[in-house]
Amino acid sequence: MPHPMLDVIEKKKFGGSLSDDEIHASVAGYTSGDIPDYQMAALLMAIFIQGMSYGETLALTKTMAESGDSYSFPDSVDKHSTGGVGDKISLTSLPIVAACGAPVAKLSGRGLGITGGTIDKLEAIPGFSVDLSEERFRKQVEAVGMAITEAGELAPADKAIYALRDTTGTVDSLPLIGSSIVSKKAATGAGHLLYDVKCGSGAFMKTPEDARKLADLLVRLSEDLGVRSSAFITDMDNPLGRAIGNALEVREGVEFLKGENVPDDLAHMARRVAVRLLELKGISDPEKLVERAISSGAAYEKLEGFVSAQGGDVKKLPALEVSGETHEIKAPASGHVSRFDALGLGRATLALGAGREKKGDPLDFGAGIEVFAAVGEKVEAGETVAVLYGSRNIERAKKLTEDSLEVSDEPTDVPPAILGSL
Ligand code: URA
């Protein structure tokens with residue numbers, strides 16, 4: 001082997017810069033099984049500690065993107081959220097843009113830690129499947145205008161490396177996160193991409209500075225791989241909308257697309273994301289198109305078409321089943337809601353079974369939380385501020401939810417949903 005792995009590890013350990021060949025040989029060797037877990041784990045930890053230059057990060061992204069199948073959908077759009085609590089923006093904004101004539105070829109993931117995943121949410125719809133061959137995915141993008149797949153054979157190097165990172169304390173490294181996300185997106189092949197980089201207690205990135213660094217990196221890597229890209233940095237100190245949990249979130253997304261009343265933050269974000277995706281595609285008058293797609297019912301029809309093409313039972317969509325077991329949480333005092341912490345609510349939802357506490361845990365699709373007190377609103381002592389759905393770990397979930405609520409005597413400003421963009 002031209003670049004023995006030990007030399008590569010030693011070089012990065014002392015802060016050296018790896019060549020494109022060294023990066024390629026390490027990734028290809030690990031993916032083929034020639035390089036063992038322990039050597040790749042040592043390299044990942046060296047990268048975590050010493051970092052990577054932009055050039056190294058781009059080489060890593062390219063080699064992971066080229067490690068398996070790659071699709072090409074230059075006319076299509078995709079969006080990616082770095083993961084939040086109650087985030088149903090893909091379920092809402094993408095049927096809108098598809099109804100406005102921008103085809104959606106999307107790669108989605110499952111929940112990770114406290115953050116929900118679009119695939120888990122969609123699988124709350126009876127019959128829905130993301131197991132699509134390339135041919136079926138392509139035909140659906142052409143015929144329906146919207147399809148969602150999971151990574152499968154796309155960027156298999158990322159899949160192998162991510163699993164190792166997850167068990168070696170090397171997830172939260174900027175070059176490793178950036179290359180992981182962009183390699184999968186580049187392999188899926190949509191020509192236009194919007195990143196929603198979440199920032200706050202319920203997100204990977206806790207501060208606006210870190211969120212901006214990740215947003216910059218995602219956009220730069222994507223553009224250098226030929227994908228027209230843009231990013232929003234959005235608040236994740238508080239959950240998005242009212243519903244958290246798989247079936248509950250699909251229900252709230254359906255309510256929005258049917259023109260029913262949903263919280264302002266959700267309605268605002270879904271529209272802004274849809275408009276930005278249409279702008280990236282160069283479609284003129286995007287605001288007007290987005291409003292028309294919602295008010296005419298075209299966006300909801302697009303959701304139905306997409307769900308039905310992937311095997312989902314559309315008749316169940318308007319009233320997806322949720323857990324019949326519910327528990328109300330009451331406000332402890334009267335005042336103004338200053339925080340309903342996304343991290344605590346995410347943990348409570350995970351405890352209820354909406355996410356996986358351990359790899360392979362079965363999900364309870366009907367489990368979750370509805371919050372009825374948003375930041376800035378007034379509550380009275382004893383008023384219901386949240387309803388828990390589900391039967392797992394109830395006492396833990398109740399305590400986590402109660403501890404997430406802060407009520408203040410003073411009025412609180414509502415934070416903007418979108419903190420920045422690029
Ligand atoms: N999501 C990914 O796909 N990769 C990461 O490294 C982190 C979040």
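Note that ligands are numbered from 1 as they come in the structure, with each ligand's atoms numbered from 1 the same way. Along the sequence shown, the residues carry numbers beginning at 1. Worth saying up front: this structure is predicted, and the values here are computed from it rather than measured.
For atom 1 (N) of ligand 1, the closest non-hydrogen atom on the protein side is I181 CG1, 3.9 Å. Remark: minimum distance from atom 3 (O) of ligand 1 to any protein heavy atom is reached at K184 NZ, 2.6 Å.
Checked for salt-bridge contact, E287 and R276 miss the test: no charged N lies under 4.0 Å from a carboxylate O. We find that E22 and K12 are not joined by a salt bridge, their nearest charged nitrogen and carboxylate oxygen being 4.0 Å or further apart. At a threshold of 4.0 Å, the pair D196-K198 counts as salt-bridged, since one of the basic side-chain nitrogens sits closer than that to a carboxylate oxygen. Under 4.0 Å is where a charged nitrogen must lie from a carboxylate oxygen, and between D120 and R356 at least one such pair does.
Those atoms of ligand 1 that come under 4.0 Å of a heavy atom in Y162, given as number and element, are 4 (N), 5 (C), 6 (O), 7 (C).
Look at V171 and you'll find every heavy atom at least 4.0 Å from all atoms of ligand 1.
Taking only nitrogen or oxygen atoms, main chain and side chain alike, R165 reaches within less than 3.5 Å of ligand 1. On a distance-only criterion, S180 and ligand 1 share at least one N/O pair closer than 3.5 Å.
The side-chain heavy atoms of Y54 and R220, taken from C-beta on, include a pair separated by under 4.5 Å.
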